[in-house]
Amino acid sequence: MSLKDAYRDLFPIGAAIAPMWAYKPEFDTLITSEFSSLTAENIMKPMMIMDHDATIASGDPVNTVQNFAETDKMLSWAKERGIRMRFHVLVWHGQTPWWFFKENWSDDKDAPDASPELMLKRMEAWIRDVMTHVNTSFPGVVYCWDVVNEAIEPEHGAPGLFRTKSPWYHILGEEFVPAAFRFARRYQAPDQQLYYNDFNSFQPDKQEAIIAVLKKLQAEDLVDGMGMQGHLQMQWPAIADFEKAARAYAALGLSLQVTELDIHCPTALENGQALLADRYGELFSTLVRMKRDGIDLRSVTFWGVTDRTSWLTGFRREGSSPMLFDDTLSPKAAYNAVIDAAR
Ligand code: XIL
């Protein structure tokens with residue numbers, strides 16, 4: 001029994017991966033047997049695709065020149081294995097080069113920003129290029145797009161609770177969100193879904209702000225689904241609060257995905273792996289129950305494969321053992337708990 005088999009009648013189970021791990025034979029075997037969806041952990045982010053030198057050399061103020069080498073390699077790898085992909089990510093403040101937002105593609109952080117008019121043109125060109133390339137070269141592989149990631153951040157206190165530090169927000173204001181979705185609608189393939197994706201989307205004030213934005217998008221039929229990232233901790237949030245939030249998004253009539261699941265389990269935590277198994281078990285039992293209740297949950301993706309490949313140790317600045325597989329690629333107690341929850 002593998003994860004993807006245990007969940008075959010429920011929803012695809014995904015993993016986020018980096019090339020340096022994925023293409024190793026032992027990871028290849030594990031990923032191919034356990035997972036039915038993939039996300040590129042970093043290589044399909046704007047910073048990894050946009051080529052600065054080539055863009056400057058082109059002399060074009062609107063269109064970036066893309067380098068799709070790594071993207072293509074992973075898409076064809078997934079295609080050969082019959083695994084479909086979520087595309088992460090088109091519009092985000094993170095891992096998008098500074099120069100993309102500057103006049104003359106300047107690398108200088110103090111250089112003047114591109115005007116809102118120019119930035120809208122650049123946004124359209126970028127979204128058009130990526131969607132057209134991916135859908136022409138690898139039709140049918142990508143099943144959904146993270147169109148906008150992490151636009152809402154209540155602690156910044158802006159009107160509408162947008163993350164004001166985003167260069168997208170800084171130049172275009174909150175209009176950047178519907179603009180991105182309008183372009184994505186224009187260039188997507190018919191069977192693909194468009195997602196808004198965010199972290200801590202179960203926090204009540206953040207959730208309220210996200211729902212307001214989703215409703216606006218829905219008024220123009222621009223969004224299909226809500227991606228709840230799912231970077232959880234051992235005690236927080238309560239799974240009941242996660243469920244409440246998920247049901248509130250689903251009640252809008254949107255599909256739902258858990259897009260970046262990991263549970264930070266400090267390596268030093270006593271009895272940590274047993275507690276982690278309990279927590280994953282509780283979460284997946286809840287997800288399974290929701291699915292059986294008719295919630296349109298379309299996939300659950302782990303943000304990593306083994307403990308060693310997880311980003312959390314760097315992010316949390318302490319050792320973390322958050323995943324279902326240990327460093328020898330053996331399934332942990334948490335793996336069994338997830339399998340059991342599907343029964
Ligand atoms: C993270 C990657 O895992 C890291 O390797 C990278 O250094 C930073 O980005 N939310 C997201 C993901 O949407 O893209 C982030 O991925 C994790 C948080």
Side-chain angles (χ1 to χ4, degrees), residues 42 44-52 55-56 58 60-66 87-131 145-187 194-201 203 205-217 219-220 222-223 226-227 229 231 260 315:
N42 286 303
M44 297 183 196
K45 292 172 176 174
M47 182 180 266
M48 307 299 283
I49 296 178
M50 294 172 176
D51 183 330
H52 194 204
T55 300
I56 288 180
S58 78
D60 185 329
V62 172
N63 298 278
T64 46
V65 177
Q66 306 348 322
F87 189 100
H88 178 75
V89 49
L90 290 170
V91 169
W92 187 29
H93 64 276
Q95 289 173 284
T96 303
W98 271 103
W99 55 262
F100 183 59
F101 300 96
K102 296 295 185 185
E103 263 180 27
N104 305 317
W105 312 115
S106 172
D107 212 6
D108 178 355
K109 285 198 182 179
D110 297 326
D113 286 336
S115 68
E117 297 71 30
L118 179 56
M119 225 38 242
L120 269 183
K121 286 186 188 156
R122 286 182 180 178
M123 179 195 264
E124 174 167 15
W126 159 248
I127 291 176
R128 182 196 59 226
D129 246 34
V130 176
M131 285 187 142
W145 298 85
D146 284 339
V147 178
V148 175
N149 193 30
E150 302 180 351
I152 309 297
E153 193 49 69
E155 71 203 32
H156 292 287
L161 303 174
F162 278 77
R163 175 193 287 268
T164 50
K165 280 190 185 135
S166 162
W168 285 115
Y169 182 87
H170 184 71
I171 297 174
L172 289 170
E174 55 184 80
E175 178 54 23
F176 91 86
V177 179
F181 277 92
R182 273 182 218 117
F183 295 137
R185 264 289 184 256
R186 191 172 300 165
Y187 299 109
L194 303 184
Y195 270 71
Y196 176 75
N197 193 53
D198 215 327
F199 65 95
N200 294 357
S201 51
Q203 274 178 319
D205 52 347
K206 184 157 181 174
Q207 187 189 344
E208 199 183 308
I210 292 174
I211 284 181
V213 171
L214 290 172
K215 282 185 173 166
K216 276 194 195 165
L217 295 172
E220 278 184 66
L222 295 176
V223 66
M226 173 64 200
Q229 289 188 3
H231 298 292
E260 304 184 15
F315 182 69

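Given the structure is predicted, the values throughout are model-derived calculations rather than measurements.
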For [X] and [Y], which heavy atoms make the closest approach, and how far apart are they?
X	Y	answer
P46	T96	CG-OG1, 3.5 Å
S106	A111	OG-CB, 3.3 Å
Q95	N42	NE2-OD1, 2.9 Å
L194	L222	CD1-O, 3.6 Å
V62	A125	CG1-CB, 4.0 Å
L161	A209	CD1-CB, 3.5 Å

Taking side chain to side chain contact (heavy atoms under 4.5 Å, CB included) as the test, write out the residues that go with [X], two or more places apart.
X	answer
P116	I171, L172
P167	H93, F101
D110	D108

Test item: side-chain donor near acceptor, N63 and D60, under 3.5 Å: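 Judged by distance alone, the side chains do pair up.
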Results of salt bridge (charged side-chain N to carboxylate O under 4.0 Å, His left out) for E103 - residues two or more places apart only: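 Per chain and number, E103 pairs via salt bridge (charged side-chain N to carboxylate O under 4.0 Å, His left out) with no residue.
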Contacts of K206 that satisfy salt bridge (charged side-chain N to carboxylate O under 4.0 Å, His left out) - sequence neighbours left out: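 For K206 the salt bridge (charged side-chain N to carboxylate O under 4.0 Å, His left out) partners, ignoring immediate neighbours, are E153, D198.
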Between [atom1] on residue [X] and [atom2] on residue [Y], distance to nearest 0.5 Å:
X	Y	atom1	atom2	answer
F100	M50	CZ	CE	3.5 Å
M131	R186	CE	CZ	12.0 Å
L90	F183	CG	CZ	12.0 Å
M119	K102	CE	NZ	10.5 Å
I152	D205	CD1	CG	11.5 Å
Y196	I210	OH	CD1	5.0 Å

Decide yes or no for [X] and [Y]: does some side-chain heavy atom of the first lie under 4.5 Å from some side-chain heavy atom of the second?
X	Y	value
T64	D51	no
R122	W105	yes
Q207	I211	yes
T55	W99	yes
V130	W145	yes
K216	V177	no

Verdict with reasoning, W92 to D146, per side chain to side chain contact (heavy atoms under 4.5 Å, CB included): CA-CA 9 Å; W92 187 29; D146 284 339; over 6 Å; no
Those residues that, when tested against D129, pass side chain to side chain donor-acceptor pair (under 3.5 Å) (two or more places apart):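 Listed in chain order: Q66.
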R185 and E220 ion-paired at < 4.0 Å: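 Looking at R185 and E220, the cut-off is not met.
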S201 side chain to F199 backbone, donor-acceptor under 3.5 Å: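 Side chain of S201 to backbone of F199: no pair is present.
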H52, NE2: over 12 other non-hydrogen atoms inside 6.0 angstrom: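 Result for NE2/H52: enclosed.
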Whether F176 and F162 hold their rings parallel, tilted or perpendicular, with breakpoints at 30° and 60°: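 Taking F162 first and then F176, their aromatic rings stand perpendicular (interplane angle over 60°).
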